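Here the structure comes first, spelled out in structure tokens, and everything after it is commentary.
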Number of protein chains: 2
Amino acid sequence: MSGEPVPRYAGEALGAFIAESRWEDITPALRHEARRSLLNFFGGALGVARDPAVETALRVIAPFSGPERVTVIGRPERLDAMGASFVNTIAANLLDYDDTHLETVIHPTAPVAPPLLALAELHGLGGAALLHAFILGAEVECRIGAAVSPGHYDRGWHITSTAGVFGAAAGCARLLGLDAGQCWHALGIAASQSAGLVENLPSAAKNVGMGNAARNGLLAALLAQAGYEAAPAAIEGPLGWARAMGDEPKLSRIIGGLGTHWEFARNTYKPYPAGIVFHAVIDACLELRDRVPPARIASILVEGDQLLLDRGDRPLRSERDCRVSIHHSAAVALLRGSAGVADFSGAALNDPAVAALRTKVTAGLDSNLPRGAARVTLRDSSGQTFAALVEYPRGSAARPLTDRELEAKFRDNAGLGGLQGQAEEWIGRIWALEQTESLGPLLRSMGDCSGR
Amino acid sequence: MSGEPVPRYAGEALGAFIAESRWEDITPALRHEARRSLLNFFGGALGVARDPAVETALRVIAPFSGPERVTVIGRPERLDAMGASFVNTIAANLLDYDDTHLETVIHPTAPVAPPLLALAELHGLGGAALLHAFILGAEVECRIGAAVSPGHYDRGWHITSTAGVFGAAAGCARLLGLDAGQCWHALGIAASQSAGLVENLPSAAKNVGMGNAARNGLLAALLAQAGYEAAPAAIEGPLGWARAMGDEPKLSRIIGGLGTHWEFARNTYKPYPAGIVFHAVIDACLELRDRVPPARIASILVEGDQLLLDRGDRPLRSERDCRVSIHHSAAVALLRGSAGVADFSGAALNDPAVAALRTKVTAGLDSNLPRGAARVTLRDSSGQTFAALVEYPRGSAARPLTDRELEAKFRDNAGLGGLQGQAEEWIGRIWALEQTESLGPLLRSMGDCSGR
């Protein structure tokens, strides 16, 4: 970049990055991470395609769908690009079982991939174009999120929704072939659509913030393509996005090392459909299960940092609460030796054996433990104690899920949606995305399947 | 309310208010204010129906429109309720020539009326149901805005968009017949969709925040009707709307005197398509014009409070800047003796006589003047000075526009859209709204007209 003019605005730098990035400069490792993200994404959406929350979103948005239709993942119904983006994003993130950029706690793929898939299906685009736009969108999303973290989320902003709309706008702008200036405007228009509240996370209103990030990001790019403009400093200006939301943005996190440093490369995938801070609790309990049979457990002490206690030491009222409960996570792991979708269902919540074991769990603070770590100490009926400490749970950046583990998770999710018969075919096609000339057949197979 | 349980949540109180309000308890004065607001609203939308910003919004949203269509004001095209809400809201607020709740600086009608009109046209509803839902929606909008004013706007939130989504959700919830609990959820879902930035006000991105307030408010009500829920304290909770946006909400402004005190009754209407703080400048200049011919003006001093200077003492780059310029407002009023839409157009911006007079204007601070007031002092070529002080401009709560003045404004706007031929018929129908059994004919006449 030496000798070139330095951008004066965050959106200006990002706009040039989005418009001018070259596919040949994207490393094989980054391309593969994008395929891993999409494999994880498709599995999550297929798994819950028949969930009542997804069906309700689909039923409400369907009457507002134009004639050019694309795939709703795991459903026979087809919707326009706006409606399909809304529903597919809701499904992909429904159980918070999707991917995680840990520093920001953003789930990068759910709000970004659906509008890109919709545009690709509509316009007959291929896998390389999709992967490229997806990488750029997810990168913009994580960078903008990083610039306002951790204050943004702590203040009550559901960052996957609020940063997701930028990612969706960026990816769509790229896929539509917008120039640098139009990409800049698309991001500024996205800034005026950024919304979503942590207070609403235990409710279906969370889904609405997520679905809107995708459909409004698409709208931002389409409006910019048609000539709509935004303020130059919509992201970082004195009355712009970051400051209105309460933050002094760290601009270097947005514009530093564009094209060389990739936040998206730090994406991780969950082995368990529970809040990320509960993964160490689950791993520690799975480890201890081999040493103490559930029937002999007298008490269970789970220790972690303040975040673990804030998020997870709370009463259980519904299925949604299971996924953010220390007590439930520990009980199913110790009792069932598993922590899959079925272990965080309404049936598991009401399982008398799980409920009985939950009452033996107490939570304690150990502020010496790093974020994301947990120590579990069992006392058996004879008074003997057994302890396990997990600093880096499975799926974390230190112990990433392997491709084989991601495939197994995909199969589980497909099975959950009753679609295991096609899982192998889909896995093969997703790994081969870069060579796919048109995404239509893959996407249509994910919609048609459900009508059989 | 004595003896009844006191609501614990803002949304709970508002939900009961929306669902349980009775038309017979709405006073004739309030019903008439609603008709005045709608007369002003329709005129504004008709006037700019052919503006490029409206045409672009229509062109981009049209492909995403389902088969059940309603009127786009002043246009032959028809869109689904979501799309029509988006475009009609953008049109009604495009020039900021719409109504004003001065304490909050909310333009109450633009984001609330369009989704209600869409539902009324679709479902064959009559004028009384529309007026009632509109009054409730605008009341909820102004109350929620008042609870976070003035900090909310000062921090960068475009309050008409951010509070407008609540008003749209509230009005739609009423018109759809939701029960108190569903209305509460609709408001909570709206909270997760609230967005819009002051930084973007000089750009088309402003339109997007406005249009979204309307279409997303409708979506919130439809999702609540279908069973979607939100957190109980989505508005005022620790990680909810008001605090995420930076405010400690004044809850008494939301729930105090519901059904007896009406914020909506404080609605006012602009005689000039300029920022509200410039109206006193214009009135003072119109008064002075009779005393000093423009050719003899040597200098013009405009004094006001800090807000006037912050908003209006800035360079002019585009047509949009005219409407928030001390210099331009003073120049057209003194030179042309008028301050209508044509006086704030691109042609007026580039009129050499206006430009010459603008250079003679200087702005000064008089912090003793109340907000909204202005003093203008002319010096003529002989050195003599002439001063006029306006504390309460035309259209303010102290000098409200009369019904006849609102009719004249409507005629001007209809003429601007080339639709003066039907103005008298529409004026009559709008005054008679309360007796209208079905809104379809009025609305269709406002669409069909433009195709002739």
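In what follows, every chain begins at residue 1, and chains take the letters A, B, ... in the order their sequences are listed. Quick caveat: nothing in here was measured; it's all calculated off a predicted structure. Below, all heavy atoms of this structure are taken into account, side chains as well, without hydrogens, waters or symmetry copies.
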**Region of A:Ala233 that comes under 4.5 Å of a non-hydrogen atom in chain B** = both
**Residue pair B:Ser203 / A:Ala231: nearest heavy atoms and the distance that separates them** = OG-N, 3.5 Å
**Message:** I need the residue from B:Gly196, B:Ala204, B:Gly156 with the largest number of non-hydrogen atom pairs under 4.5 Å to chain A.
**Reply:** B:Ala204
**Asked** Which heavy-atom pair separates A:Ala195 from B:Gln193 by the least distance, and what is that distance?
**Response** CB-C, 3.7 Å
**Item:** Interface residue of largest heavy-atom contact number with chain B, from A:Val208, A:Ile189, A:Thr162, under 4.5 Å
**Value:** A:Val208
**Option in B:Pro232, B:Ala224, B:Ala191, B:Gly246 with maximal non-hydrogen atom pairs under 4.5 Å from chain A** = B:Ala191
**Prompt:** Between the side chain of A:Asn200 and the main-chain N/O of B:Ala230, is any donor-acceptor distance below 3.5 Å?
**Reply:** no
**Request:** Considering only heavy atoms, give the residues of residues 54-67 of chain A separated from chain B by less than 4.5 Å, sorted numerically, with 'none' for an empty result.
**Result:** A:Thr56, A:Ala57, A:Arg59, A:Val60, A:Ile61, A:Pro63, A:Phe64, A:Ser65, A:Gly66, A:Pro67
**Toward chain B, the part of A:Arg69 with a non-hydrogen atom under 4.5 Å** = neither
**Message:** Tell me which of these, A:Met82, A:Met245, A:Glu68, has more heavy-atom pairs under 4.5 Å with chain B than the rest.
**Reply:** A:Met82
**Item:** Proximity breakdown for B:Pro238 and chain A, heavy-atom pairs closer than 4.5 Å
**Value:** both
**Request:** Give a yes or no on whether the backbone of B:Ala244 and the side-chain of A:Trp157 come within a donor-acceptor separation of less than 3.5 Å.
**Result:** yes
**Prompt:** Between A:Ala81 and chain B, which part of the residue has a heavy atom less than 4.5 Å away: side chain, backbone, both or neither?
**Reply:** both
**Message:** If I measure from the heavy atoms of chain A, does B:Asp154 come under 4.5 Å with its side chain, its backbone, both, or neither?
**Reply:** backbone
**Message:** Do B:Asn216 and A:Asn216 have side chains that approach each other closer than 4.5 Å (heavy atoms only, starting at C-beta)?
**Reply:** yes
**Message:** Using modelled atom types and a 3.5 Å cut-off, is there a donor and acceptor pairing between side-chain atoms of A:Tyr228 and backbone atoms of B:Ala53?
**Reply:** yes
**Prompt:** Side-chain contact, heavy-atom cut-off 4.5 Å: A:Ser192 with B:Lys206?
**Reply:** no
**Message:** Ignoring hydrogens, what is the shortest heavy-atom contact between A:Leu239 and B:Arg155? Give both atom names and the distance.
**Reply:** CD2-C, 4.0 Å
